[in-house]
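Notes for the one structure printed next.
Just so you know, these numbers come straight off a predicted model, no measurement behind them. Throughout, a chain's letter reflects where its sequence line sits, starting with A, and its residues are numbered from 1.
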Amino acid sequence: MIAFVLRRILQAAAVMLVVAFIAFSLFQYVGDPVLAMVGQDATPEERAELRSKLGLDQPFHAQFARFVGNAVQGEFGLSYRQGRKVSTLLEERLPATLELSLAAAVLALTAGIPLGVYTALKRDGWLANLFLAVSLIGVSLPTFLIGILLILLFAVVLGWLPSYGRGDTVALGWWSTGLLTVDGWKHLLLPAFTLCLFQLTLIMRLVRSEMLEVLRTDYIRFARARGLPDRTIHFGHALRNTLVPVITIAGLQLGSIIAFSIITETVFQWPGMGLLFIQAVQSADIPIMAAYLCLIALVFVVINLAVDLLYFAVDPRLRIDRASSSH
Amino acid sequence: MSALARLRDSDLWFSFRTSPVAIAAALVTAILVFGAVFAPWVAPHQPFELASLDLNDSLLPPAWSAEGRIAYPLGTDDQGRDVLSTILYGSRISLAVGVASVLLALVLGVSLGLLSGYVGGRLDAFIMRVADVQLSFPAILIALLIDGAARAMLPRDAHSDTLSLMVLVGSIGLANWVQYARTVRGSTMVEKNREYVQAARVIGVSPLRIMATHVLPNALGPVLVIGTINVATAIITEATLSFLGVGVPPTSPSLGTMINTGNNFLYSGEWWLVVFPGLALVLLCMSVNLLGDWLRDALNPKLR
Amino acid sequence: KTFRVADQGDALSMDPHSLNESVQLSFTGNVYEPLVGRDKKLGLTPALATSWSQVNPTTWRFELRRNVSFHDNTPFTADDVVFTLQRAASEGSDMRSYTNTIKEVKRIDDHTVDVITQTPFPILPDVLSSVYVMSRKWCTENSAERPVDKRKGIENAASFRANGTGPFRLKSRDPGVRTVLVRNFGYWGKIEGNFEEVVYTPIGNDATRVAALASGEVDMMQPVPVQDVARLKRNPAIEVLQGPELRTIFLGMDQSRDELLYSSVKGKNPFKDKRVRQAFYQAIDMEAIRTRIMRGAATPTGLMVAPGIRGYVAELDKRLPYDPEASKKLLAEAGYPNGFEVKLNCPNDRYVNDGEICQAVAGMLARVGVKINLEAESKATYFPKILSRNTSFYMLGWTPGTYDSHNPLNALMATPGASGRGQFNLGNYSNPKLDELTDRIASETDQKKRGAMIAEAFRIHQDDIGHIPLHQQALAWGMQKNVRVVQMSDNYHHYKWGGM
Amino acid sequence: MSIDRNNPTSTSTPGNESGQLSTPVPDNATSGTPAPAHGGRPLLEVIDLRVEFPNRRGTLTALDGISFTIAPGEVLGVVGESGAGKSLTGAAIIGLLEPPGRIAAGEIRLQGLRIDNLPPGEMRKVRGREIGAIFQDPLTSLNPLYTVGRQLIETIQAHLNLGRSSARERAIELLRSTGIPAPDERIDHYPHQFSGGMRQRVVIALALAAEPKLLIADEPTTALDVSIQAQIIALLRDLCHRHGTAVMLVTHDMGVIAETADRVAVMYAGRIAELGPVTEVIHRPQHPYTVGLMGSIPTLGETRERLAQIDGSMPRLDAIPSGCAFNPRCPEAMPICRSERPPLMAAGSSQAACWLHASASADTGARR
Amino acid sequence: MNESTAMNESAAMRACAAMSKNGSARAAATDNLPLVRAEGLTKSFDVSAPWLNRVLEGRSRQLIHAVDDVSFDIRKRETLALVGESGCGKSTVARMLVGLYRPTRGRVLYRGKELAEMQAAPHGAPAPARVQMIFQDPYASLNPRWTIAEIVAEALRMRRLLRTRRERLERVAELLQLVGLSPADATKYPHQFSGGQRQRISIARALASEPEFLVCDEPTSALDVSVQAQVLNLMRDLQARHGLTYLFISHNLAVVHHVSDRVGVMYLGRIVEISTREHLFGRPRHPYTRLLLDAIPDLEMSGRARTPVAGEVPNPLTPPSGCAFHPRCPYADERCLTERPQLEADPYGSVACHAVAEKRVEWA
Ligand SMILES: Nc1ncnc2c1ncn2[C@@H]1O[C@H](COP(=O)(O)OP(=O)(O)OP(=O)(O)O)[C@@H](O)[C@H]1O
Ligand SMILES: Nc1ncnc2c1ncn2[C@@H]1O[C@H](COP(=O)(O)OP(=O)(O)OP(=O)(O)O)[C@@H](O)[C@H]1O
Ligand SMILES: [Mg+2]
Ligand SMILES: [Mg+2]
Ligand code: NI
């Protein structure tokens, strides 16, 4: 167990290093940060001077080594554009993104799993087919369009919900949360729904197909043959086995929710990291981009680790060590 | 039995014939694909021909409204392009991007997956680690990355439209190979231990040949399903990239670019700019998705 | 009254010297003040200096306002002025192009300061209207003696806190999310408006921003996307304030290379031929662009500066007529009866409908036989490219930061040379006569003579068709009916003049 | 009855009751309802069962006119080629046909009560409580995510009104009775921690948890090692014997049948070819198919150059020849075999569905 | 399958049967040089946990000794059977014999030449074409997407025996007839055949490369007894006609009794007893062999006294010390616990058992 976690952590470190390298090296080539940093009237000499001061004229590997060294300490330097610590900037934006993503993930899971189970159990029911059909729209419409249509409907036409931002937030230490105010919840609703729609559809379809598969297994048949009640069979036996593969996908999905929040945050002006990132891309703010990528990778790695540990909880076959089972 | 007769006799054809949803989806897909492929002959105007555009015809509503003109059945956009023609040409580009990027991902993923699954060992470990790293980034992010890098690094004198299309295809394709690789690797690992593969080895068939003739065809089923569904995803990814500002050039708009442009006119009353391309996109993606769903179910013996 | 305002972008920093960019200067201009301010018509007006005069050709004397204190209640003195000008000239400052003519700043007494320039510098007061005064004491205490130094990774309190003399104090700042200003009740002057609090929110997405205004979540937002103006105007609760902006949008052409980088013409440069430039000019139907793409929210221009810039000459502001036939003829005369192919570089997220304008231009040129390969891209990649002059045909917009014609002459039209001259003359247009005039304009103190020289320079440029001016885009501010604000053509927002 | 009671309620053993087993052949041989063994009413009656799978080319009749009975405590062996319909018969009895399979005709009666048309809720109470079932693969029959104990306890609680702790005690008892060492420890283990043989024991324990009167064992040993097979069969026989449970034992292996069953049903292409006491069927097969089958089994006793073989293969269910399903392969086929389907008729002390016995139904042992 | 092929098939079978009758009765081989010889074959699989786990948990490498020091000879025209329970290493031996696995130790000699040396192509043919293999699962051993002609012709193509397509198709037809199928079946797909027919196709494929040694890994254990009889008969006919040599793997002793000349019994990777069929079945000596014989359910219901051996097959990862069978052996003593018995030859064959060597065991 410890060895397993350790190995995963080592692997994660390797992954992180590669990601750092990619992030850093790729963004070497996007845009010219110097341009974003000075106004239009600066002279070429001033630009060149700034360039050398930023170390942008140093050899690549030296820049990268410096980058990694700092990144390990959570230090990504100052934003080229804002002149503030990237770590602080991300820290400020992190709560917003996490709250949004979490809300979306919870929504996707709490709606997706029951819907998936329902559509699997009522395979030929009209309501189940309706759910399936509607869910297809979820994956056939681009997220940004859904978001904008939702704003149009709920904010402009109906005026029920606010159209942008996080609303009132409450600071809990460095964490600012919108979950403690009514206004915050109102603001959360539309973006979270927009963000979760795609993942909800995926999870629902995944649960459905896994469930259908599991319902065909011998142990379900045997459970029926023992005369267990349907509820026990469906929710005790089938669902639990369905969850094993669902956990992996859902884990990955949670990660992509965070990444997909780029779009949602752009549409809803949600002050999270995604918005920060896309603004950084637009102005070639390398430190922010690099930091964001590393953070996303870290989130993924952590999620993957958590998923693996969750497996241990769900699937007893993994709990004992390999030696005693031959397969 | 001829191949055709065999097809007509097959379960696949039967399950297709008896599924109204599949038929409807296939029909819609066929119409859209036909319109896209034969756009130059079908479309009433040539929206990509700049010289034919007249700014003074811009933003006309669809033909049935008061100011509409019969020459522009679905109205015109802000540059005076006929919306219907642009949708036809645009789905051409969307489909091209979708299909090409899926093909790229497929070729890359399938060959890496085959290699990884068949050779195993260190190579397998390496490829799968790369896949892990890649999986750490969602497709959109990767596409953003590759697109940005490619645009900045590639020489600029190539014709920019085709180049940016290629970059787009490349970035969406590269972002998606992992799925295929994993699937193929999985089936390869199963397949390579199948007895008929071993029989072939005993006979003395070379590994490459075995991979190509024995392993690959049997691994292709799920790949096909993923591929179909990914075409829809790729089209949406392209649209989203356009939304984020790194999509296809506006002079030859794809459905995504059109929607993105149309977005800006959502509040100003020119609804047709977003509704029609949006409808086309949803129809296209939905029917492709439905086809993929159907194919998945039809190919899954367990669900029969 | 709390005034909620949304803008496309955010001020990147609260440090008024860190970036010479209009959003930032506009916003910090509510907290900080320059020596010389601008009135509602952009004319110079006393701000922290009550009067100024030229003691000799290279010395300007400023009499400072008395009984002014910063938001932290330290009194404003000449020391602060000296400090500010030093700070603005220091490393990391982005205002150095405004201060690099200054040789020395002398404190005469507590309320008098002399600024000595290297050469006669007639527009120093105009230039100083962009340099906001900071408190020496506060900066020293917060180790913000210099604008932030990104290289050393040292943060700077001034980039997210502020202590000025202006009509509003900075209450809270959440970069990219919201920034709150509150009224400074100890302000030395009169605050016409009744805003007690200003909540500033950047909303980048056009549709969302419009939605926020339409749903009443903000009191004002800008810019209103031109296509939404009409619809919003019809909304009884909303008003759209439109007016000309100082920025001039124009097209530039590479006129120096012997062969264009991106063109089908090999071995020669068609843009060296004035007939070709004129053909391009006359092929563009600005009226169609104005009505269709800009929906009327633009002023086609024949000049490279807008009304409101010192040196603007109304008589010269005439476009050559739109005439595709003439254009074709000119092309044929120049040896391109079938036109040719050239690439047009264009941003798509910088100016109002920039991408659309370029598309329209491409379409119009196509009609006279010129095939345009349009490359529209994000400003992040666009500007590095064209600034390295890696272009044959490009679009640019320019607002003279000094509100004076010398600035565009020097930056856009003069032959590229040392110390920033012609730095944005990306097509390397060159006319020695114009260069000479530009030099003389810089140090001519007689406004009348200076005006004549500027007009002369513009005429030369116009004759040469050095650039193809397009239009001045219009400002469009959307607001709730009950809001009153003063729209300045430099797109600065002065909340002290607004009310509800 | 509790499982730890050692003296069996039923005293029937193959040995001392073999006389009874071959008792009255019904006077009307075509009625398809053989007389119950053990005198009284049979535990299970299957009457003219037909199972169909509607598919796109029409309807596939997988079981056609299956009739047999099982008496309390009796072991009925069901043999036959793969695809002959052995498993389907079992599945039909406990009502677990996979859709679209359905019972198209016939009746299934348990202690006289029809169970083939019970509503799902009622049927659920029959399953496990009245009829238990064991499937082929012990690895896949157990839910890998739950401990063996949990699966046992929930099964017990589903049928018997027991508290948690007493259910657990009973579960441990069950495990012990199936010969699992240290059951109070093993009860908290997961299926994967057991070996194949032990898993099959657990499956048996589960099937017998609520003391069903009938156990349907569908190839319970096929997935196991040869040496374990013998153990499991012995255990099954022993347990059922002690509890008086009747068993329908489906298998390929004639040897297992020979050792275990009281009577045997030989199935061919969805029909019963022969049904009779085990010694009779093995030593005096009446149906040509059974004859061939017996001849093709290699035995240790004799050394033959070639095994007897039935040429050809069993027809696909969608292409069953008219008349007797076996006629294309039958060395003794007569014209009537091609046109008319033979019902089960008395043949010696067994019954066989073969026209050869139409005339000589009284002439026992007429042919070998 | 339709009726006409059924007819064809049975006709061919009868033809075969006729041939086998006048063909030599199975000859006890007379060659001195064995056709195939296995010398100390050993195969271990590394199933260790990843390196880091081992280091952290202080575990050592874990090897499964799937096959441990197995030696035997097979003479020409002889059938050697290997029996033993699941996982005892039968298939591994088979795979080493055809070159699908490389032995960890030991070697396979084919006509006195080392198999490894005969494999000229670096990656190519793992086995000389004269050694072929038939697999257990008839459903998995044919590529479902190929026609029968393609499947059978693949070997012909690989061996480059026949150049043209026509020649190959003709040969395929011949082969199909040989195994009792109709040439018309060549254009069908595997799913159109029953298990027994598929196994015949596998045999046809194996015969295509004209082998003299056929390794049959449980060729009938997935088949019904009646079909099994068909396949076994076919194999025997082919042996008679073509002088084939078989290694026959099975866990069904009755089948083994039917087909084999000599029998090797494996337990946990080792051969515990090997002798002629008569001796092995007549006088089984190793306790495990007896256990296996006992486990065969008796059709005759002879009421033979059984000694039901308790216990489970041990985990090959942690094989018991000494004699691997000792935990289940009724005759085990101290010595069995510690000392591993060697295979010792005696007049009846070879046995690896202390109890037998010490004559502690009586045998019937
Ligand atoms: N779901 C189904 N759809 C169509 N046909 C089916 C289905 N299930 C079973 N059958 C058919 O019913 C017949 C009997 O199947 P069954 O499983 O009872 O055979 P079996 O005698 O148990 O064979 P085995 O020994 O292989 O288990 C088979 O020929 C099979 O083709
Ligand atoms: N490729 C492999 N990697 C690791 N272990 C293996 C491998 N192949 C076989 N083994 C192990 O080697 C042992 C012997 O396997 P083998 O397949 O030879 O047994 P077998 O006697 O053929 O069994 P069965 O009757 O089930 O076919 C088993 O314990 C198996 O787990
Ligand atoms: Mg079965
Ligand atoms: Mg094996
Ligand atoms: Ni195992």
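Among D:Leu142, D:Leu206, D:Ile216, the residue with the largest count of heavy-atom pairs under 4.5 Å with chain A is D:Leu206. For the set D:Ala133, D:Pro212, D:Ser141, the entry with the most heavy-atom pairs within less than 4.5 Å of chain A is D:Ser141. When the candidates D:Val203, D:Ile94, D:Thr147 are compared by the number of heavy-atom contacts under 4.5 Å with chain A, D:Val203 comes out ahead. Options D:Thr155, D:Ile134, D:Ile131 differ in how many heavy-atom pairs under 4.5 Å they form with chain A, and the most are formed by D:Thr155.
Taking the ring centre of D:Phe194 as origin, the terminal cationic atom of D:Arg186 falls inside the region bounded by 6.0 Å and 45° from the ring axis.
A:Asp230 and A:Arg224 are joined by a salt bridge, as a carboxylate oxygen and a charged side-chain nitrogen come within less than 4.0 angstrom of each other.
The local environment of CD in D:Glu185 is sparse, with at most 12 non-hydrogen atoms from other residues, nucleotides or ligands closer than 6.0 Å.
Between the side chains of D:Arg201 and D:Gln231, at least one donor N or O lies within less than 3.5 Å of an accepting N or O. Checked by atom type, the side-chain pair A:Thr232/D:Glu154 shows no donor-acceptor distance below 3.5 Å.
For D:Glu98, the part lying near chain A is the side chain, with the backbone staying farther off; criterion is any non-hydrogen pair under 4.5 Å.
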